[in-house]
Amino acid sequence: MEYNFAEIEQRWQRYWAENKIFKVDTDTSLPKFYVLDMFPYPSGAGLHVGHPLGYIASDIYSRYKRLKGFNVLHPMGYDAFGLPAEQYAIQTGQHPALTTQKNIERYREQMDKIGFSYDWNREVRTCNPDYYKWTQWAFLEMFHSYYCYDEQQARPISELEEVFVRQGVGGLNAACTEKLDFSAADWKAMTELEKQEVLMNYRIAYIGETSVNWCPALGTVLANDEVKDGFSERGGHPVEQRKMKQWQLRVSAYSERLLHGLEALQWSDSLKEMQRNWIGRSEGAEMIFKVSNGCEDHDMSIFTTRADTVFGATFMVLAPESEWVEKLTTPPQKEAVEAYLLEAKKKTERERMTEAHKITGVFSGSHALNPFTKEWIPVWVSEYVLAGYGTGAIMGVPAHDSRDYVFAKHFNLSIVPLIEGCDVSCESFDAKEGTMCNSGFLNGMSVKEAIPAAMDEVERLGIGQRKVNYRLRDAIFSRQRYWGEPFPIYYKEGMAMPMPQEALPLVLPEVDKYLPTETGEPPLGRAKDWNHQGYPIEKSTMPGFAGSSAYYLRYMDPHNPNALVGREANDYWRDVDLYIGGAEHATGHLIYSRFWNKFLFDRGYVCEDEPFKQLVNQGMIQGRSNFVYRMTGANTFVSLNLKDKYETTELHVDVHIVHNDRLDIEAFKAWRPEFATAEFILEDGEYICGWAVEKMSKSMHNVVNPDKICADYGADTLRMYEMFLGPLVQAKPWDTNGIDGVHRFLKKVWRLFFVQEQFGLSQETPSAQELKALHKLIKKIESDIEQFSFNTSVSAFMIFVNEMMDLKCRKQAILEPFLILLSPFAPHISEELWHLLGRTPSISRASYPVYNEEYTVERTFEYPVSVNGKLRFKKELPLGISQEEIQQAVLADSQLEKYLGGALVKKVVAVPGRIVNVVC
RNA sequence: GCUCGGGUGGUGGAAUAGGUAGACACGCAGGACUUAAAAUCCUGUGGGCAGCAAUGCCUGUACGGGUUCGAUUCCCGUCCCGAGCACCA
């Protein structure tokens, strides 16, 4: 009987679906395990072979955990709101909901062919009102909350109102946009509008003026992680900086917890490092400098991590956007400063980046008093200082900061070295090492001692305090787009008002066009009756990360009409045990999700502080392109190794008409009309194509579709081959060339269960050798899966099957456990053979075979004996004997003499169970 | 510039509490079966040298050093590749 994968796979996929084999329910009698894939954005192009890599890995893990007796939650859904569907809608007029629906159907069809064990009953779609009701709900919860630093958690905003009534802001330690100062009496005297403005300063979801990444081509703002090198991540349009009033999430309040929480997580070091960099904690001090513009004095604070270098501060620099610029510009400098500000403002983000090392700046006219040297130093304005970090002002220490150094050199400011023996004639000395000099009371200290000593002194003198700064900014939450969640906010007498929870979901309204209005309002400005009790509703929508921030919680309880996730379901499923997805979400989704979860945790809606215990980043699968070489000016193609003899142009050729880098010439002629009459210069009668690893894309003709692989080889082959390709976490090119090996393996597995076309296994007692092979495999597969080393598992299966072939082993006692081991990798063929064995129900209900060490124990060991490091012969000795016994046995061996060449033995190193080395 | 990974045959990749480098697979070469092809199976396959031969010897994990009886693995330096961050004071 042939291995008819097409029939087998179709049959079992249907069986699994019809019998709801992978439906899962809360079951407190079983341990839970939650395996999650990052849900896809359903694009119009469909899946290519790279997309399912992580899904296959998570499916193997899920199936393995089921065999191990866990109740496994393994869901899938769609991140369905987003820009591409909207862009497509603008071009074609088709409703994004329609195209999204179509794309989802296509995705589902493709995924179904691969035989995943998802519980589709729990599917979520972020664009579904039943789902985004809870996205809006979470937003309202954030609106109604503030962050208390003393308690290190989010609390209801109503508490804050009570505090204000009682004592004003005195003693309050809460996250805020700007520090306010008012008493209880002041609070009581405020109008309702003023009170709301004060509260907005503390809300976790708040509206406020901020500098944003504005993308004119897309007509919307973008988050920092949506901008790459000054261009929008989606579409590659230029991005500029603008001040705008936007909804924001106070993610920065969680900086410390987001950083600290990383420690306990089983994430890769590189990913944790990326998040640490993004959060960007730095310890330093805020220091107050007296500044004078000649008429009046002010106290201005700066942030520094190098308080020890204050004796070398020979100038100050303000960010162009700093509010100090206006106060400190003196009349004679006014014109120059204004010209500079205008120039800086005109630049886009992109220009700022490309001109990053161009040194610009202008003198303000004012001076600051260095509190330690008591010298008056000039105050400058320059773009290299960022308004959004620290206080937007710095002290310039050119000797020990490379940016200050180039600035000082350019404008001829003085440079004072502070470390003994350092040479600052060509560059600054940035390292935190050496002995201090020219630094008053710090002289003679090492830098490491001087940093805290300087900060102590600053605090003692009352001219500043220690301060921790974070790079992490609040997340900008408004998008001027159509295809996203509407904000449940309306505006009444200038105040942003929350809608009541009963009004949710606030359903996205219909519009006639998906473009901004003529007056520049977002597309929702076109919606009819877009108001709440006659008051206008917010016209922005939420960004992509809104819907993806809590979807893993919804899977736990997807149909609950009363809560995002019910208490009972959440208490059982708790958090994601294993999360598999791409590293590109390191500073986006994975930060926002952690923030969102921590917020819900603070407010008591979920029971775990961190959402994703273990995270694995699968490597991207790149394309492997093929090339043909056309002779310039002719329709003649030259084979790879002859091309250097001619003048040729390289052309991408469809990888589907190339096999093992040999071009199928007939298919090539049929591929494009202009090649129908092509001529070829062959080598050894064949046309050899060149190849290269590139991104998988249509234009490179290297896109391989999983449907085609499933049709040609079957899903089991696809699954195993994707795993065999290399380590899961590593980026690697797709190369269909090697797939035959895996396919051959599955055919061998099939044949192993048949004797002369008849299915049949014997009930014979297995031999010691067979048992040993099986139990080694049981152990190997288990440890490989636990470590995500799926590629070596596939090899182990191949070795095992080859050995059983050699032994002609057809014994059920061996092959039945083998089938169970194989089933997570190749579920269809395993299921088929399982049923042919008369076993029922599905193999996914079986138990993972128990490893028995007895069968794999070795009693003797062939010791490699080397003389002076060179392997010479092998000596078989019992295991478990002492080092001395091994030495004696080897020295007594007659073979040793001929390798010693008469020399005396100086030393014998024997490692039990490893090796013997004789030194002479 | 800073941080983190990584450099092993023609190819994808195995092997690190330091212990026979190249498992497994692709490709290639040769062979068996077949009228033939496909499929399947068997043998060989890092490089070099010697031999009719079984075989033997040398060399080999980016490069240069070090530690060690022994280094792909540990340490120092250099080069190269990939990823992330980038005026974050």
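What you see is a predicted model; the values in this text were computed from it and never measured. Order of the sequence lines sets the chain letters (A, B, ...), proteins ahead of strands, with each chain counted from 1.
Salt-bridge annotation for R306(A) and D430(A): absent, with no side-chain N of the basic residue lying under 4.0 Å from a carboxylate O of the acidic one. Between E273(A) and R276(A) there is a salt bridge, since a side-chain N of the basic residue sits under 4.0 Å from a carboxylate O of the acidic one. Here E876(A) does not pair with K874(A) in a salt bridge; the nearest charged N to carboxylate O distance is not below 4.0 Å.
Taking side-chain N and O atoms only, N277(A) has no distance below 4.0 Å to OP1 or OP2 of rC2(B). Between R276(A) and rG84(B) there is no side-chain polar atom (N or O) within less than 4.0 angstrom of OP1 or OP2. Residue R872(A) has no polar side-chain atom (N or O) positioned under 4.0 Å from OP1 or OP2 of rG70(B). Phosphate proximity of rG13(B) to Q730(A): present, with a side-chain N or O under 4.0 Å from OP1 or OP2. Taking 4.0 angstrom as the limit, K732(A) places none of its side-chain polar atoms (N or O) nearer than this to OP1 or OP2 of rG12(B). Contact annotation: Y389(A) reaches the phosphate of rA89(B) (side-chain N/O to OP1 or OP2, under 4.0 Å).
Nucleic acid contact class of N802(A) (heavy atoms, under 4.0 Å, all strands): sugar-phosphate only. At a threshold of 4.0 angstrom between heavy atoms, the contacts of P733(A) with the nucleic acid are absent. Here S866(A) lies out of heavy-atom contact (under 4.0 Å) with every strand. Within 4.0 Å (heavy atoms only), R473(A) reaches at least one base atom of the nucleic acid. At a threshold of 4.0 angstrom between heavy atoms, the contacts of N791(A) are confined to the sugar-phosphate backbone, with no base atom among them. Contact annotation for E862(A): no contact, since no heavy-atom pair falls under 4.0 Å across all strands. No contact: K906(A) has no heavy atom under 4.0 Å from any strand. Note on I394(A): a base of the nucleic acid sits closer than 4.0 angstrom, heavy atoms only. Contacts of R744(A) with the nucleic acid, taken as non-hydrogen atoms under 4.0 Å apart, involve only primed sugar atoms and P, OP1 or OP2. Contact annotation for K748(A): backbone-only contact, meaning every heavy-atom pair under 4.0 Å involves sugar-phosphate atoms and none involves a base.
Annotation: side chain of D404(A) is in contact with side chain of I394(A) (closest heavy-atom distance under 4.5 Å). At a threshold of 4.5 Å between non-hydrogen side-chain atoms, the residues V616(A) and V729(A) count as touching. For the pair N802(A) and F745(A), the minimum side-chain heavy-atom distance is 4.5 Å or more. You'll find the side chain of I709(A) stays beyond 4.5 Å of the side chain of Y721(A), heavy atoms only.
Nearest heavy-atom pair across R594(A) and W267(A) is CD-CH2, 3.6 Å.
Shown here is K272(A), whose NZ atom has more than 12 heavy atoms of other residues, nucleotides or ligands within 6.0 Å.
Side-chain polar atoms of Y470(A) and S252(A) form no donor-acceptor pair below 3.5 angstrom.
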Checklist outcome for this item: Given Watson-Crick and G-U pairs under 3.5 Å, RNA chain B in dot-bracket ([ ] crossing, | other strand) is (((((((..(((......[....)))((((((.......))))))(((((....)))))..(((((..]....))))))))))))....
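To the nearest whole angstrom, the two P atoms, one in rG7(B) and one in rU73(B), are 11 Å apart. rC2(B) and rG13(B) are spaced 29 Å apart, taking the P atom of each and rounding to whole Å. Nucleotides rU55(B) and rU43(B) are separated by 15 Å at their P atoms, to the nearest Å. Nucleotides rG19(B) and rA15(B) place their C1' atoms 12 Å apart, quoted to the nearest Å. The gap from the P atom of rU16(B) to that of rA37(B) amounts to 44 Å, rounded to the nearest Å. Between rG56(B) and rA21(B), the two P atoms lie 15 Å apart (nearest whole Å). Taking atom P in both rA53(B) and rC69(B), the straight-line distance is 41 Å, to the nearest Å. Across rG10(B) and rG5(B), the matching C1' atoms stand 27 Å from one another, rounded to whole Å.
Checked against rU20(B), rA89(B), rC28(B), the side chain of P864(A) finds its nearest nucleotide in rU20(B). Picking from rC24(B), rU40(B), rA89(B) the nucleotide with the shortest atom distance to the side chain of R751(A) gives rU40(B). When distances run from any side-chain atom of R662(A) to the nucleotides rC4(B), rG12(B), rC28(B), the shortest one goes to rC28(B). Nearest nucleotide to the E273(A) side chain, out of rU3(B), rC24(B), rC57(B): rU3(B). Residue K747(A) places its side chain closer to rU40(B) than to any other of rU20(B), rU40(B), rA23(B). Ranking rA25(B), rA23(B), rC87(B) by closeness to the M798(A) side chain, first place goes to rA25(B). Of the listed nucleotides (rG13(B), rA15(B), rC24(B)), rA15(B) has the atom at the smallest distance from the side chain of T792(A). For W278(A), whose side chain is taken as the heavy atoms from C-beta onward, the closest listed nucleotide among rC85(B), rG19(B), rC87(B) is rC85(B). Minimum atom distance to the side chain of V919(A) is reached by rC69(B), of the listed rA86(B), rA15(B), rC69(B).
Ranked by how close their nearest RNA chain B nucleotide is to the 5' end, D806(A) and G392(A) are led by D806(A). With RNA chain B read from its 5' end, the first of the two nearest nucleotides for V909(A) and D735(A) is the one closest to D735(A).
In rG9(B) the O4'-C1'-N dihedral to the base is within 90° of 0, which defines a syn nucleotide.
The CD atom of E584(A) sits 12 Å away from the P atom of rC85(B) (whole-angstrom rounding).
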